[in-house]
Every structure is written in structure tokens, then in C-alpha cells.
Participant: 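Sharing a structure below in C-alpha cells format, with a few things to ask.
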Amino acid sequence: MKKKMPPLVQAHDVTVDLLVVGSGTGMAAALAAHELGLSTLIIEKTRYVGGSMARSGGAFWIPGSSVLPEQGTQAIADAEKYLRSVVGDSAPADRGQAFLEHGPAAVEMLRRTTPMRFFWAEGYSDYHPEEPGGRAAGRTCECRPFDASKLGAERPRLRPGVMAAPVPMPVTGADYKWMNLLARKPAKALPRIVARAALGLGGMLIGRDYMAGGQALAAGMFTGVLRAGIPVWTETSLERLRYDDGRVSGAVVRQGDREVTVTARRGVVLAAGGFDHDMTARHEFQSARLGSHESLGAEGNTGDAIHAAREIGAEVALMDQSWWFPAFAPLPGGQPAVMLAERSLPGSFIVDQTGRRFINEATDYMSFGQAVLARERAGDPVEQMWLVFDQRYRNGYVMAGGVYPRQPIPESWYRAGIAHRANDMAELAAKMNVPSSTFADTARRFDEQADAGTDQEFGRGESAYDRYYGDPTVTPNPNLAALRQAPFYAVRMVLSDLGTCGGVVADGHARVLGGDGAVIEGLYAIGNTAANAFGASYPGAGATIGQGIVYGYIAARHAAAR
């Protein structure tokens with residue numbers, strides 16, 4: 001039986017050492033602060049705890065930690081070389097350096113303060129593994145399936161995830177890679193499916209509630225917060241910061257129709273996410289073509305913390321950047337459907353409104369979005385995107401996290417014009433409203449290159465990252481196969497994102513900086529509230545959560561030392 005939401009904790013005037021605004025990776029800051037002896041309060045705008053982290057895959061990219069096989073000085077030196085290569089001058093060097101220096105200790109802090117256990121997602125390549133210091137084996141880690149019943153009465157307050165399995169089954173990102181290949185590699189995939197189903201269903205029989213991915217990470221941190229006795233005020237939003245005598249001394253927050261004052265002796269940590277759902281700002285800073293509220297970030301992410309910081313003189317940067325994420329177009333009134341491996345799998349390609357391919361479909365999702373927006377800035381916008389595939393592809397792979405191999409594409413997709421089906425490419429082009437001759441030529445060239453195993457146009461399959469989500473049963477290139485088995489399909493895509501990653505400028509101590517470069521004393525920013533520590537790049541799966549965790553730890557340490 002589903003539990004009821006527990007009573008709202010009433011906000012009131014209070015004095016604490018550290019105020020944390022936001023309950024995603026902000027929980028890492030609170031846990032670190034509590035361990036250092038600081039009295040801490042978390043406020044959360046929505047009714048749920050977990051932020052966008054709870055809606056994510058839950059991976060974290062933190063080089064050199066004890067979870068990884070490569071540890072110590074050399075591991076950090078290699079990661080530093082990699083970050084220098086991929087980040088370049090798009091972010092201050094001290095941001096990346098501090099992240100690397102404190103990353104291993106931040107992971108150990110989570111081990112001590114929560115019941116979570118972690119594992120290395122071996123083979124989940126860095127996003128740019130060919131760069132100096134890059135790792136094809138990857139540096140991405142995850143939380144093992146976590147029993148959310150440990151949250152007790154607070155379990156309903158955990159933010160729900162984006163995808164839900166038809167049966168209780170805690171599927172990690174590492175599991176998904178193989179479960180997606182069930183029809184192609186049953187010997188490898190089936191034992192994982194059976195094990196996860198047994199864990200989920202078996203746990204349910206004995207009162208346990210196992211979950212994976214971002215749900216596990218959020219539930220684990222929330223459990224640590226509850227065990228530490230750190231208060232969490234939900235449905236409580238930041239109204240304005242208290243800025244007196246050159247330093248931030250707390251905040252005025254709102255719960256319902258009441259305003260209360262939180263005095264923060266050591267400082268305020270802004271961890272309230274980005275401006276994912278502030279469409280005015282997104283159209284101003286990013287693109288007027290972005291669909292309304294098509295971000296996968298939590299609905300409460302409307303830039304409140306960024307606005308509050310700017311009101312007292314904080315500088316912002318990288319406001320044109322997001323953790324871009326191509327996704328399946330939403331049904332009317334719905335949200336985009338998650339697209340994980342689909343772009344990388346053989347027997348598919350992507351075209352724009354001209355009927356032409358325009359990118360290596362298997363590239364990392366941030367680079368994909370940046371390429372789309374670069375075309376717009378160049379005056380050649382991508383007005384439509386279609387994932388095109390054949391029946392063999394449909395028979396072999398999962399789509400949108402819930403349309404299983406051989407399962408028909410939902411009729412609602414066809415009715416909404418999101419999906420089309422045809423017996424030949426000419427008919428499909430007509431339904432997509434793209435030039436038939438151009439589209440036919442695109443399909444012919446793609447098939448020829450797939451047969452040869454080399455994508456001469458865009459290099460699909462050349463990177464270890466591309467191949468991670470490919471099909472190892474297809475040779476010589478696990479990302480390429482010709483489309484020959486009718487019927488043929490096209491499903492419309494949109495440029496979604498996992499959240500914006502431009503925001504308040506912070507230094508290597510997570511301290512917020514003003515327009516003159518001076519520190520705003522008592523104010524810290526982490527996660528997507530802060531301008532990306534990796535600039536305009538995405539080093540590897542979980543880099544967004546990784547920097548939130550690490551900079552939460554850094555902010556807490558600095559506040560404790562003040």
C-alpha cells in the first residue's frame with residue numbers, strides 16, 4: 001500500500017551554521033557540514049527531496065576515488081591532463097584542480113555518512129577517451145541498488161524517477177547496457193534481468209524497496225541526512241539573500257503564505273539547480289527554438305538561486321550552456337521520452353528537415369546539442385530531427401526505456417505525428433515531409449558505409465564512447481548496419497537537456513564571485529546553480545553529479561574553517 005506524504009515540517013525563524021538551498025547534490029554539502037560539526041538546514045522548493053539527481057541515471061564521475069581501480073597521485077595527474085584537454089580555457093583551471101584534489105575525499109565522506117555502496121561502471125568510457133589522459137574503460141561509478149524503505153515514513157518524499165519498470169526491478173546504468181541487448185545477447189542479458197527482478201520482487205515480499213540509478217543515490221543521501229538529524233523543509237523557496245556589511249548572513253524563505261528568516265552564521269550554499277524551466281531566460285540566453293518545458297530537469301528548477309545571487313552582485317557565466325540531451329518528442333502535454341542507447345545502435349540514423357544526416361549520431365549528448373545550436377548560430381538551423389530505423393532494429397532493441405523489442409510503437413505516437421511507418425523509404429520521406437530524393441540518397445549512402453563498416457561522413461563507431469552503447473554482435477562496426485528490413489520507421493526527436501549548466505561564477509572553494517571578481521563572503525554555489533566547473537564540456541557520465549558532490553564537500557569544509 002502506498003504511503004501518504006508525511007506532514008510538512010513547518011518553517012520558522014531559526015539560526016544555523018549553514019543553510020543549504022536545494023536537496024539534490026546539496027545533500028552532500030549538508031552531510032559534509034554535519035560531519036564537521038556544523039548545524040545545518042536544507043530547504044527545498046518542491047514537495048520532493050532529490051532534485052534532478054533523483055531523475056537522473058545516478059552516475060558520478062570523480063577520478064581517483066577508492067571505488068576505481070586507478071587511485072592516487074598518478075590517477076589524478078592523468079585526469080588533470082584529460083580535463084586540460086577537454087575543458088581548455090572554457091573554465092578557470094582552479095575549478096578543475098580543486099575538483100580533482102578533493103574528489104576522492106568527497107566519496108569517502110559519502111561512504112561514512114550514508115549506507116550507500118558504490119561500484120565502478122567498467123567500460124562506460126569517458127566521453128572523449130581519445131584525448132590525452134582519457135580512459136576508454138571509464139571513470140564512472142554508480143550506487144549499488146539501495147533499499148529506499150530505510151527512509152521510513154519519509155519514503156513518499158523522495159522525488160520519483162523519469163522511467164518506471166513494469167515490475168519492481170532496480171536497473172543500474174551498467175545493467176541497462178546489456179538489458180537493452182536482450183534480444184541480441186540473451187546469454188549476457190538474461191542473468192542480469194533475472195537477478196534484478198529477483199532483487200526487486202523478492203525485496204518487495206520482505207518489505208524492502210530496492211531502487212537504482214539516481215533514485216538510489218538520492219535515497220541514500222536522504223537516508224544519511226535523516227540519520228544525521230539534519231532538518232529538511234520542503235515546499236520552502238528562497239525569496240532573497242540577507243546581505244549585510246559585505247557578507248551573506250542568511251536568507252528570507254517562503255513556505256506557503258509565510259516568510260521566515262534563516263540566519264546562517266557560516267554561510268549559505270546555493271544548490272537549487274539551474275534555470276531549466278525558466279523559458280524566458282532559456283530563450284534569451286540559449287535558443288528561441290527550445291520547446292517549452294522540454295527539459296528533463298526537476299520542475300522546480302527555475303533559476304531562483306541564480307536570480308537571488310545576481311541581486312546582490314554575483315557574476316554569471318556559461319548561460320548559453322546546458323547538459324544537452326536529445327530525446328524523443330513528447331506527446332501533447334507530456335515530457336520528452338528518454339533516449340539512451342538508441343542513437344548508437346546499428347540499423348538507425350538521424351536526419352534533419354532536409355533529409356540529410358548531419359552528425360555522428362552516437363556522439364555524447366552534450367556535444368550533440370552543441371552541434372545543433374552551432375548550426376542555428378550559423379544561420380542553418382536544425383528545424384526537425386528524425387531517428388530513422390528498420391524492422392530489424394525494432395526487433396532487437398529497447399526504445400524510450402519502455403518500448404521493448406518486437407513491441408509495437410504506441411499508436412498514440414502515430415496519432416500525434418511523432419512516429420511514422422512505411423513500406424519503403426519514399427513513402428517514409430513523404431510522411432516525414434522531407435525531400436524524397438535527398439532522403440533516398442542519404443539512406444543509400446548510409447547503407448553502403450554500414451556494409452563497409454566505416455562512416456566516412458561522420459566517423460560513427462570510431463570512438464570507444466560510441467561503441468559502449470553499440471551492439472557487439474554486429475561487425476565490423478557495432479554502431480553501423482544497413483536498413484533493409486521493411487517496414488521502415490521514423491520517430492521525431494527534440495533537443496532536451498538534463499538541466500542548464502551556466503550560472504553563478506564560483507571559485508575553487510565554491511565561493512561566489514561578484515562582477516569585479518571579488519568574493520561575496522558567506523555565499524557558496526554548487527551543482528547547476530554554479531557555472532559548470534568543466535566549462536563548455538562534459539568529461540564523462542556523471543560529471544554533473546560528480547561536481548555537485550565534490551563542490552558540496554568543498555563548500556562545507558571552507559565554511560567550517562571560517
Side-chain angles (χ1 to χ4, degrees), residues 55-57 160-169 171 173 175-184 189 193 196-197 200 213 215 291-296 299 325-353 361 365 368 384-425 427-434 439 469 471 481 483 485-498:
R55 292 169 57 82
S56 74
V162 173
M163 297 188 298
V167 296
M169 191 164 69
V171 178
D175 293 329
Y176 183 85
K177 169 185 166 64
W178 293 108
M179 291 182 180
N180 184 53
L181 296 170
L182 174 61
R184 307 288 296 170
I193 294 174
R196 292 307 185 213
Q215 291 276 279
S292 183
H293 302 291
E294 289 183 348
S295 172
L296 294 169
E299 77 283 354
F325 192 85
F328 290 114
L331 291 169
Q335 67 175 21
V338 172
M339 179 181 277
L340 294 175
E342 291 88 341
R343 295 180 293 113
S344 302
L345 290 164
S348 68
F349 59 83
I350 294 171
V351 298
D352 63 11
Q353 70 277 2
E361 293 89 348
Y365 31 90
F368 189 108
Q384 296 181 43
M385 293 187 289
W386 296 95
L387 178 70
V388 180
F389 51 93
D390 67 354
Q391 187 61 46
R392 175 197 168 282
Y393 177 99
R394 183 74 290 275
N395 291 343
Y397 312 119
V398 177
M399 286 184 63
V403 182
Y404 297 98
R406 298 184 183 276
Q407 181 180 347
I409 291 174
E411 285 298 322
S412 57
W413 293 22
Y414 294 113
R415 289 195 298 269
I418 292 170
H420 299 293
R421 176 179 52 212
N423 290 320
D424 56 55
M425 289 296 187
E427 181 187 357
L428 189 63
K431 290 183 175 181
M432 296 161 61
N433 193 30
V434 302
F439 182 65
Y469 274 128
D471 182 343
L483 283 65
Q485 185 177 342
F488 302 99
Y489 301 85
V491 180
R492 191 160 61 85
M493 298 167 53
V494 295
L495 182 56
S496 181
D497 59 79
L498 306 175

Participant: Do you know the tightest heavy-atom contact between Leu296 and Val338?
Facilitator: CD1-CG2, 4.2 Å
Participant: Please examine the side chains of Ser56 and Leu498, heavy atoms only from C-beta on, and report whether any two atoms are closer than 4.5 Å.
Facilitator: no
Participant: Is there a side-chain contact (heavy atoms from CB on, under 4.5 Å) between Leu340 and Tyr365? Walk through the geometry before answering.
Facilitator: CA-CA 9 Å; Leu340 294 175; Tyr365 31 90; over 6 Å; no
Participant: Is there a side-chain contact between Leu428 and Trp386, using heavy atoms and a 4.5 Å cut-off?
Facilitator: no
Participant: Would you compute the distance between atom CE of Met339 and atom CD1 of Ile350 and round it to the nearest 0.5 angstrom?
Facilitator: 6.0 Å
Participant: Quick one: does Gln407's side chain have a donor or acceptor within less than 3.5 Å of a partner on Pro405's backbone?
Facilitator: no
Participant: For Met493 and Pro326, which heavy atoms make the closest approach, and how far apart are they?
Facilitator: CE-CB, 3.7 Å
Participant: Is a donor on one side and an acceptor on the other found under 3.5 Å between the side chain of Gln353 and the backbone of Gln384?
Facilitator: yes
Participant: Locate the shortest heavy-atom distance separating Ala481 from Arg392; write the atom from each residue and the value.
Facilitator: CB-NH1, 4.5 Å
Participant: Considering non-hydrogen atoms only, spot the tightest contact between Met425 and Val388 and give its length.
Facilitator: CE-CG1, 4.4 Å
Participant: When you measure from the side chain of Arg406 to the backbone of Tyr397, do you find a donor-acceptor pair of N or O atoms at a distance under 3.5 Å?
Facilitator: no
Participant: Could you check whether any side-chain heavy atom of Tyr469 comes within less than 4.5 Å of a side-chain heavy atom of Leu181, counting everything from C-beta outward?
Facilitator: no
Participant: Please name all residues satisfying ring-ring contact (aromatic ring centres under 6.0 Å, His included) with Phe389, sequence neighbours left out, ordered by chain then number.
Facilitator: Tyr393, Tyr489
Participant: Can you give me every donor-acceptor pair (side chain of residues 413-420, partner residue at least two apart or in another chain, under 3.5 Å) with its distance?
Facilitator:
from, atom 1, to, atom 2, distance (Å)
Tyr414, OH, Arg421, NH1, 3.3
His420, NE2, Lys431, O, 3.3

Participant: If I compare all heavy atoms of Leu483 with all of Phe349, which pair ends up nearest, and what's the gap?
Facilitator: CD2-CE2, 3.7 Å
Participant: Test side-chain contact (heavy atoms from CB on, under 4.5 Å) on Val491 and Glu342; report intermediate values, then the result.
Facilitator: CA-CA 11 Å; Val491 180; Glu342 291 88 341; over 6 Å; no
Participant: Should we say atom CG of Asp424 is surrounded by more than 12 heavy atoms from elsewhere, each under 6.0 Å from it?
Facilitator: yes
Participant: For the residue pair Met432 and Ala490, what are the closest heavy atoms and their distance?
Facilitator: SD-CB, 3.6 Å
Participant: Yes or no on side-chain contact (heavy atoms from CB on, under 4.5 Å) for His293 and Glu299, after CA distance, side-chain angles and deciding distance?
Facilitator: CA-CA 8 Å; His293 302 291; Glu299 77 283 354; over 6 Å; no
Participant: May I ask you to decide if Ser295's main-chain N or O and Asp497's side chain share a donor-acceptor pair within less than 3.5 Å?
Facilitator: no
Participant: Using modelled atom types only, decide if a donor and an acceptor are shared between the side chain of Arg343 and the backbone of Glu361 within a distance under 3.5 Å.
Facilitator: yes
Participant: Distance check, rounded to the nearest 0.5 Å: Phe488 atom CZ versus Gln391 atom CD?
Facilitator: 10.0 Å
Participant: Please check if the side chain of Asp390 supplies one atom and the backbone of Gln485 the other of a donor-acceptor pair under 3.5 Å.
Facilitator: yes
